[in-house]
There are 2 protein chains.
Amino acid sequence: MNIGEASKASGVSTKMIRYYESIGLIPAAMRTGSGYRVYSGTEIQLLRFIRRSRDLGFPVEKIEELLALWRDRTRQSADVKRLALEQIDGLKRKVQEMQGMIDTLRHLADACCGDHHPDCPILEDLGHGAVAGIGQHDRGTEAKSRHHSRLHSRRFGNFE
Amino acid sequence: MNIGEASKASGVSTKMIRYYESIGLIPAAMRTGSGYRVYSGTEIQLLRFIRRSRDLGFPVEKIEELLALWRDRTRQSADVKRLALEQIDGLKRKVQEMQGMIDTLRHLADACCGDHHPDCPILEDLGHGAVAGIGQHDRGTEAKSRHHSRLHSRRFGNFE
DNA sequence: ATAATGGTTCCCATGATGGGAAGGTCAAGA
DNA sequence: TCTTGACCTTCCCATCATGGGAACCATTAT
């Protein structure tokens with residue numbers, strides 16, 4: 001099985017297979033005499049594990065931990081569960097943050113009649129000394145949302 | 001007002017102020033004789049507009065459009081509202097995708113007793129030929145979630 | 001005068017992913 | 001056998017918004 005076939009079988013692009021090898025997430029593949037990478041069932045399974053983990057939003061760093069546990073037959077399921085729960089928490093935090101944005105935007109959009117007139121509460125909110133709050137919108141949600149934003153100035157970097 | 005004071009007044013880091021200038025999102029600031037950037041009320045307002053828009057998840061590209069509308073006194077509020085609604089849609093899509101991950105992880109975590117034993121349904125799901133589905137979990141949600149993931153192989157890149 | 005703070009530019013890193021070029025390999029068909 | 005097309009290899013570059021840090025200059029306070 002060459003890298004293209006492994007890609008189709010695992011759902012991981014050839015680019016990413018080489019990348020995962022380069023960062024040491026997967027062991028270096030065997031090579032044919034002419035330098036082609038060769039894969040077999042074991043590696044396909046490994047790639048599928050990674051693909052599935054990525055689909056669940058685990059960053060590569062966490063996948064390393066998951067793989068270590070996967071390979072360790074003496075692991076404790078509590079360790080795996082902890083990783084899963086942490087992942088859930090992280091996702092929930094991001095969902096909440098985005099939900100706060102949605103709520104605010106919803107309020108603003110609802111207040112904008114959206115016609116041919118230039119008057120627009122959305123732009124007024126964005127432009128008018130917006131540091132103190134947004135006016136029409138619920139203060140509790142807003143304060144919480146902004147607080148969160150300020151904690152992470154790199155607000156969504158590498159969140160998956 | 002130098003760049004540090006402008007940063008404090010607007011909530012935008014000095015790094016980002018220079019960056020926004022470099023990409024042309026804001027006009028080049030005036031300079032003192034010795035080369036320091038100088039800002040006044042107008043620019044602070046502009047920076048706050050940008051900061052607020054970023055807090056609402058708008059990418060810089062969309063902020064350019066918002067700014068163009070902000071400056072255009074003959075704009076139609078419908079154009080602004082459309083941008084806001086598009087932003088809401090984009091955020092909702094990402095929230096749904098993450099919610100799908102959360103649901104799946106929740107199912108898996110619930111099925112894992114999380115004790116000192118090595119048996120773990122989470123790892124079994126990740127490792128066992130995961131392409132066809134995940135077993136215990138509801139198929140509808142799963143299919144939808146995976147479909148979404150496959151549509152965007154770069155699953156969350158620059159989503160804000 | 002000197003030290004501390006803060007400005008300037010320039011380069012680099014992030015994370016996961018793709019694009020693309022330049023060149024080698026392999027298999028199928030003329 | 002030769003060609004063609006599909007595939008592989010490595011290497012570099014781009015993304016997006018953000019920060020870190022070095023080397024160097026300016027301002028300000030002691």
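Small disclaimer: the values here were computed from a predicted structure and weren't measured. In the text below, chain A, chain B and the rest are named by the order of the sequence lines, each starting its count at 1. Hydrogens, waters and symmetry mates play no part in the numbers below; they use all other heavy atoms, side chains included.
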Pairs: protein N or O with nucleotides 10-12 of chain C N or O, under 3.5 Å:
none

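- Note that CD1 of B:Ile63 is 11.0 Å distant from CZ of B:Arg51, once rounded to the nearest 0.5 Å.
- When rounded to the nearest whole Å, the span between CG of A:Leu25 and C1' of C:dA16 equals 12 Å.
- Qualifying side chain to side chain donor-acceptor pair (under 3.5 Å) partners for B:Arg75, counting only residues two or more places apart in sequence or in other chains: none.
- Side-chain nitrogen and oxygen atoms of A:Arg54 include at least one within less than 4.0 Å of the OP1 or OP2 phosphate oxygen of C:dT17.
- Separating the CD atom of A:Glu5 from the P atom of D:dC8 is a distance of 8 Å, rounded to the nearest angstrom.
- For the pair A:Ser13 and C:dG18, the criterion of a side-chain N or O lying under 4.0 Å from OP1 or OP2 is met.
- One atom, OH of A:Tyr39, and another, C1' of D:dC7, lie 14 Å apart when rounded to the nearest Å.
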Result block: side-chain N/O donor-acceptor pairs under 3.5 angstrom for residues 110-117 of chain B, not counting sequence neighbours:
from: B:Asp110; atom 1: OD1; to: B:Arg106; atom 2: NH2; distance (Å): 3.4
from: B:Asp115; atom 1: OD1; to: A:Ser77; atom 2: OG; distance (Å): 3.2
from: B:Asp115; atom 1: OD1; to: B:His117; atom 2: N; distance (Å): 2.8

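- For B:Arg37, whose side chain is taken as the heavy atoms from C-beta onward, the closest listed nucleotide among C:dT8, D:dG19, C:dG18 is C:dT8.
- Take A:Glu21 and apply the side-chain contact (heavy atoms from CB on, under 4.5 Å) test, not counting sequence neighbours, and it matches A:Ile26, A:Ala28, A:Ala29, A:Arg31, A:Arg37, A:Tyr39.
- Whole-Å rounding puts the A:Met1 CE to D:dC7 P distance at 15 Å.
- One end of the helix from C:dA1-D:dT30 to C:dA30-D:dT1 points its axis 30° away from the other end's axis, with each axis taken from 5 pairs and the angle rounded to 10°.
- Atom CD1 of A:Ile23 is separated from atom C1' of C:dT14 by 13 Å (rounded to the nearest Å).
- A straight line from CG of B:Asp55 to P of D:dA17 spans 14 Å, rounded to a whole angstrom.
- In summary, A:Arg93 and A:Glu97 do not engage in a salt bridge, as defined by a charged side-chain N under 4.0 Å from a carboxylate O.
- In this structure, A:Phe49 CZ and B:Leu126 CG are separated by 4.5 Å, a value rounded to the nearest 0.5 Å.
- With hydrogens and angles disregarded, a donor-acceptor distance shorter than 3.5 Å links the side chain of B:Glu43 to the backbone of B:Ser40.
- Distance B:Glu21 CD to D:dT18 P: 16 Å, rounded to the nearest Å.
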Output a table of nitrogen or oxygen pairs between the protein and nucleotides 26-30 of chain D separated by less than 3.5 Å.
from: D:dA26; atom 1: O4'; to: B:Tyr36; atom 2: OH; distance (Å): 3.3
from: D:dA26; atom 1: O3'; to: B:Ser34; atom 2: OG; distance (Å): 3.1
from: D:dT27; atom 1: OP1; to: B:Ser34; atom 2: OG; distance (Å): 2.9

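- Distance, A:Tyr19 OH to C:dA16 C1': 6 Å, rounded to whole Å.
- Taking 4.0 angstrom as the limit, B:Arg18 places a side-chain polar atom (N or O) nearer than this to OP1 or OP2 of C:dT8.
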Worksheet item: side chain to side chain contact (heavy atoms under 4.5 Å, CB included) between B:Leu67 and B:Ile50: does it pass, once the steps are laid out?
Response: CA-CA 8 Å; B:Leu67 281 174; B:Ile50 293 169; 4.3 Å; yes
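- Each of B:Tyr36 and B:Tyr19 belongs to its own hydrophobic cluster when Ile, Leu, Val, Met, Phe, Trp and Tyr are linked at side-chain heavy-atom distances under 4.5 angstrom.
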Discussion item. As a quick check of understanding, evaluate side chain to side chain contact (heavy atoms under 4.5 Å, CB included) for A:Thr104 and A:Asp125, giving each step before the final call.
Written reply: CA-CA 11 Å; A:Thr104 301; A:Asp125 175 86; 5.7 Å; no
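- With no hydrogens or angles considered, no side-chain donor-acceptor pair links A:Thr42 and A:Gln45 at under 3.5 Å.
- If B:Arg31 and B:Lys8 are placed on DNA chain C by their nearest nucleotide, the residue sitting closer to the 5' end is B:Lys8.
- Under a 4.0 Å N-O distance rule, the pair B:Lys62/B:Glu65 qualifies as a salt bridge.
- Side-chain proximity of A:Tyr20 to D:dG19, C:dT8, C:dT17: nearest is C:dT17.
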